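First up is the structure itself, then whatever we jot down about it.
Chain identifiers are assigned alphabetically (A, B, ...) following the order of the sequence lines, protein sequences preceding nucleic acid strands; residue numbering begins at 1 within each chain. Just so it is clear, the values below take in all heavy atoms, side chains as well, and ignore hydrogens, waters and symmetry mates. The structure displayed is predicted, hence computed values, not measured ones.
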Amino acid sequence: MSSEFDERVRRAGQIGALGSSPWGNRFDGAQPIGPVASSFGVETEGKSFTVAGRVTAHRSFGKAVFLDVRDRTGKVQVYARQDALRSSWELFKHVGIADWIGVTGTLGKTRTGEITLFATEIALLTKALRPLPEKWHGLQDPELRHRRRYLDLIANPKVLETFQKRSRMLSEMRRFLDARGYLEVETPVMHSIAGGAAARPFVTHHNALDRDFFLRIALEIPLKKLLVGGFEKVYEIGRVFRNEGIDTRHNPEFTMLELYHALGDLRTMMELCEGLVVHLAKEIAGGLTLPYGEKVIDLAPPWPRKEFYDLLREHGFDPADQEQLRTELRKRGIDPAKMDAWEVLDEIFGEVVQPQIVNPVFVTAQPIEMTPLCRRIDGRPAHADRFEAYVAGMEISNAYTELNDPIEQRARLEEQAAGDASKTDHDFLRAMEHGMPPAGGIGVGIDRLAMILTNNPSIREVILFPLLREADSGAEE
RNA sequence: GAGGACGUAGCUCAGUGGUAGAGCAACGGUCUUUUAAACCGUGGGCCGAGGGUUCGAGCCCCUCCGUCCUCACCA
C-alpha cells in the first residue's frame, strides 16, 4: 500500500468535509489553454479567462501559490493568492500536483515575464489519489510507459504529440480518400478462412455456433467481393491480427489501409500511394524532408520505380545464379536448404537490398509465386504486376494489379492450399466468377507510416497500448 | 525460440557479502511574483518471485516472471 495514496484519500475526505466534492461534475466555460496563453497582448491583458486542466507543478509560498495547469492544448501558469481567492482558499489548500482543477482569472504577466492567469476563482474538479511521475526525469521505464500509457502521455509531451499526429494522420487520410471518391466500408474481423495474406492467424471460438473463427490477417478478400458488388472505389482502415513475433516493427495487432479501384491498375495505385504519403507528410510532418533517427528521408515525388530483379543485380547478385545466392545466405547464417528458388530471391532481397533503402522506392515485378492474388504482368507471366513501397528499410505499402481471372485464381489458391480444400475460400472464388472488374489495389501499413511521419524507431511508440504480457499481479499495489 | 542486459521507495537512480540510501513526489512548518522556488523537520521498502550457498545475501548460484536489445520467425 502506498502511504501517499492513503494521504490523498484523507485529503479527499477533508475536501468533502468542506462541503465540496473531490470528484466534481460538468464544468462549463473552459477555454483551451494553449490559445488563451498565446493570445496574450494588449487586447487580452487584464481580461478574465476560464481554463481547466491537470496541475503539473505546485510552488507554494504559504499564502500564495504558483501552479502549472495543463490541458491537451498547452500549459499555463496560475498564480493563486489567499486574498484574491478568499472563500475558496481553504479548499484550494488541498489542491496538489496531479489534481484536475478549473480556474478563472485575469491574464497577465509576472515580473519575471511569464504569462500567468491570476486566479480569482478555483474549482477542484477531480482529486487524484495517485501521484504523477517525477517532474524532470518523467517516466522513463519503457515497460511502465507502455503499460501505463496514460502516465506516459502526461509525463512525456512528445508522446502526446505523437499520438495526436497519428490521430490527425488518420483523419487526413480519410479526407484525402473521400475527396477522390473512395467509399469507406467495414468488413468482418472474424473470418472462417484467414485469407488475403500468408500469416498465422489468431483463432477464436463462437459458443452458440460452436465453431472456430480466425481473426482477419488482411482486408483484401471482402473488399474484392465489394468490387464484384459494384463498390468501384472502396477502402477500409482497420485492425488486422497476425500471430507472429513481436519486435520493433511488428505488433500482433496493427492497422492497415486497404483500397481497391475498379478499372485502375498498379500505376493508379502508385500515383495514389505517392500522393497520399506526400499529402500526409506535408500535413503531419510539415514537409517532405523528414529526419528519421540518424537518417534524413526525402519523400519528394516521383519515387523511383525499380524492378526486383534489377535491384538484386545492382547489389551484385545474379538472380539466375541460385548457387551464388544460396552461398550468400549460408554466409549470413540462414539455411536455404528448404527454400524454393523464389524464396531464396526474396530472402536475399530482405537481407541485402531492403535495409539499404532510405528514400522511398517502388519495387516492382517480383516473382509471381509470392502473390497468389496478384495479376501477372501482361506478356511476362513469371512476374507479378506488383509494387512494394519501401521507406527507411521498411515496407510501408504493397499494391497489385488485381488478378481478375477466376479460373487462374482458383488454380493458384488451390495450389497454395496444397490439397486442403478447407483452406480454399470458395465463396471468394464464386464471387470472382460473377465478374470482378479489372482493378488496382493497395495496402498501407498505418503504424509504420506513423513511425516515419513522427520519427519514432519502434512500432510500440505509435500504438497506444502495444501488446504486453500480463503483468505479475503481485507487482501491483 | 536463442543469446545478452535489466528489475531497489510513487518516479529517476546510487548501493560488489556486514545496520537499505539520494533527488523529486508526499506530510508538517517558515515564506504573498516563483520557474526543478528555497530552507527546517517527518514518514515511506516482501531490494520482481521462489529456492540455494554463507555466521551473514539487494549483492554470489539455480529456477521462474516481466521488460528492453540483437537474432530467428514474419508473402
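- Taking atom P on both nucleotides, B/A57 is separated from B/A49 by 15 Å, rounded to a whole Å.
- Taking atom NE2 of residue A/His58 and atom C1' of nucleotide B/C27, one finds them 13 Å apart after rounding to whole Å.
- Comparing the same atom, P, in B/C61 and in B/C11 gives a spacing of 27 Å after rounding to whole Å.
- As the counterpart of B/U34, no nucleotide is assigned, since no Watson-Crick or G-U wobble pattern has both distances under 3.5 Å.
- In a base pair of the Watson-Crick type (N1 to N3 plus N6-O4 or O6-N4) or a G-U wobble (N1-O2 and O6-N3), with each distance short of 3.5 Å, B/G17 is matched with no nucleotide.
- Whole-Å rounding puts the A/Glu4 CD to B/C27 P distance at 7 Å.
- Checked options A/Val234, A/Leu227, A/Ile442, A/Thr268; the residue passing with A/His261 is A/Thr268 (criterion: side chain to side chain contact (heavy atoms under 4.5 Å, CB included)).
- Nucleic acid contact class of A/Leu132 (heavy atoms, under 4.0 Å, all strands): none.
- Using a 4.0 Å cut-off between a side-chain N of Lys or Arg and a carboxylate O of Asp or Glu, A/Lys127 and A/Asp99 qualify as a salt bridge.
- Using a 4.0 Å heavy-atom criterion, one finds that A/Gly96 contacts no nucleic acid atom at all.
- The six-membered or imidazole ring of A/His315 lies away from that of A/Phe349, with a centre-to-centre distance of 6.0 Å or more.
- If you take atom P in B/C74 and the same atom in B/A5, they sit 28 Å apart, rounded to whole Å.
- Using N1 to N3 plus N6-O4 or O6-N4 for Watson-Crick, or N1-O2 and O6-N3 for G-U wobble, each under 3.5 Å, B/U63 pairs with B/A49.
- Within 4.0 Å of A/Arg386, counting heavy atoms only, lie sugar-phosphate atoms of the nucleic acid but no base atom.
- OP1 or OP2 of B/U34 sits under 4.0 Å from a side-chain N or O of A/Arg111.
- We find that A/Glu395 and A/Arg249 are not joined by a salt bridge, their nearest charged nitrogen and carboxylate oxygen being 4.0 Å or further apart.
- Applying a 4.0 Å cut-off to non-hydrogen atoms, the residues of residues 63-74 of chain A that approach RNA chain B are A/Lys63, A/Ala64, A/Phe66, listed by residue number.
- On a pure distance criterion of 3.5 Å, a polar donor-acceptor pair joins the side chain of A/His250 and the base of B/C74.
- A 3.5 Å limit on both hydrogen-bonding distances identifies B/A2 as the Watson-Crick or G-U partner of B/U70.
- Remark: B/G44 base-pairs with no nucleotide in the shown strands. Criterion, Watson-Crick or G-U wobble with two distances under 3.5 Å.
- Here, B/C47 and B/G58 have their C1' atoms 5 Å apart, quoted to the whole Å.
- Within 4.0 Å (heavy atoms only), A/Gln354 reaches no atom of the nucleic acid at all.
- Going from atom NZ of A/Lys93 over to atom C1' of B/G29 covers 13 Å, rounded to whole Å.
- As judged by a 4.0 angstrom heavy-atom cut-off over every strand, A/Arg11 is placed among residues touching the sugar-phosphate backbone only.
- The pair A/Lys63-A/Asp83 does not meet the salt-bridge criterion, since no charged nitrogen lies less than 4.0 angstrom from a carboxylate oxygen.
- If you check B/U12, B/U32, B/C27 against the side chain of A/Phe61, the one that comes closest is B/U32.
- Between B/C13 and B/A20, the distance separating the two C1' atoms is 14 Å to the nearest Å.
- Residue A/Ser60 is in base contact, counting any heavy-atom pair closer than 4.0 Å across all strands shown.
- If you take atom C1' in B/U30 and the same atom in B/A37, they sit 14 Å apart, rounded to whole Å.
- A/Ala197 comes within 4.0 angstrom of a nucleotide base, judged by non-hydrogen atoms across all strands.
- Nearest-nucleotide positions on RNA chain B place A/Leu139 closer to the 5' end than the other of A/Leu139 and A/Gly113.
- Side-chain proximity of A/Arg81 to B/U32, B/A26, B/U34: nearest is B/U32.
- If you check every strand for non-hydrogen atoms under 4.0 Å, A/Glu343 touches nothing.
- Dashed line: the shortest gap from a side-chain N or O of A/Arg145 to OP1 or OP2 of B/C11 is not under 4.0 Å.
- Atom pair A/Asp6:CG and B/C27:C1' shows a separation of 12 Å (rounding to whole Å applied).
- B/G10: Watson-Crick or G-U partner is B/C24, with both key distances under 3.5 Å.
- Nearest approach of A/Leu153 to A/Leu160, heavy atoms of both residues: CD2-CA, 3.7 Å.
- Using the six-membered ring where Trp is involved, A/Tyr79 and A/Phe118 have ring planes that are perpendicular, over 60° apart on the 30 and 60° scheme.
- Using a 4.0 Å heavy-atom criterion, one finds that A/Leu468 contacts the sugar-phosphate atoms exclusively.
- Scanning atom types as modelled, no donor and acceptor separated by under 3.5 angstrom connect the side chain of A/Glu114 and the base of B/U33.
- The side chain to side chain contact (heavy atoms under 4.5 Å, CB included) search around A/Asn455 returns A/Pro291, A/Tyr292, not counting sequence neighbours.
- Of the candidate nucleotides B/G23, B/U32, B/C68, B/G23 has the atom nearest to the side chain of A/Trp136.
- With distances taken from any side-chain atom of A/Gln140 to the nucleotides B/C13, B/C68, B/C73, the minimum falls on B/C13.
- Within the structure, a side-chain polar atom (N or O) of A/Arg469 is placed less than 4.0 Å from OP1 or OP2 of B/G66.
- Pairs of residues two or more places apart, or lying in two chains, that qualify as side-chain hydrogen bond (donor to acceptor under 3.5 Å, both in side chains) and include a residue from residues 37-58 of chain A are A/Thr50-A/Thr104.
- If you take CD of A/Glu351 and C1' of B/C71, they are 10 Å apart, rounded to a whole angstrom.
- Candidate nucleotides B/C69, B/U33, B/U12 were compared by shortest atom distance to the side chain of A/Arg460, and B/C69 ranks first.
- One can place CG of A/Asp247 at 15 Å from P of B/G1, the figure rounded to the nearest angstrom.
- Base pairing annotation: B/G56 forms no Watson-Crick or G-U wobble pair, as no partner gives both donor-acceptor distances under 3.5 Å.
- A close approach under 4.0 Å does occur between a side-chain nitrogen or oxygen of A/Lys135 and OP1 or OP2 of B/A37.
- Scanning atom types as modelled, one donor and one acceptor separated by under 3.5 angstrom connect the side chain of A/Asp83 and the base of B/U32.
- Between the side chain of A/Arg59 and the base of B/U34, at least one donor-acceptor pair of N or O atoms lies under 3.5 Å.
- Stacking annotation: A/Phe5 is not stacked on the base of B/G10 (requires ring centroids less than 5.5 angstrom apart and an interplanar angle below 30 degrees).
- Distance, A/Arg86 CZ to B/U32 P: 18 Å, rounded to whole Å.
- Distance noted for atom P between B/C40 and B/G48: 32 Å (whole Å).
- B/U16 and B/G51 have their C1' atoms separated by 22 Å, with the value rounded to a whole Å.
- Among the atoms of the strands shown, base atoms are found under 4.0 Å from some heavy atom of A/Glu134.
- Between A/Arg11 and A/His94, the side chains place a donor N or O and an acceptor N or O closer than 3.5 Å (distance only, hydrogens not considered).
- For the residue pair A/Thr204 and A/Asp212, no side-chain donor N or O sits within less than 3.5 Å of a side-chain acceptor on the partner.
- A/Phe118 comes within contact range of at least one nucleobase, with a heavy-atom separation under 4.0 Å.
- Rounding to whole angstrom units, CG of residue A/Leu144 and P of B/A9 are separated by 11 Å.
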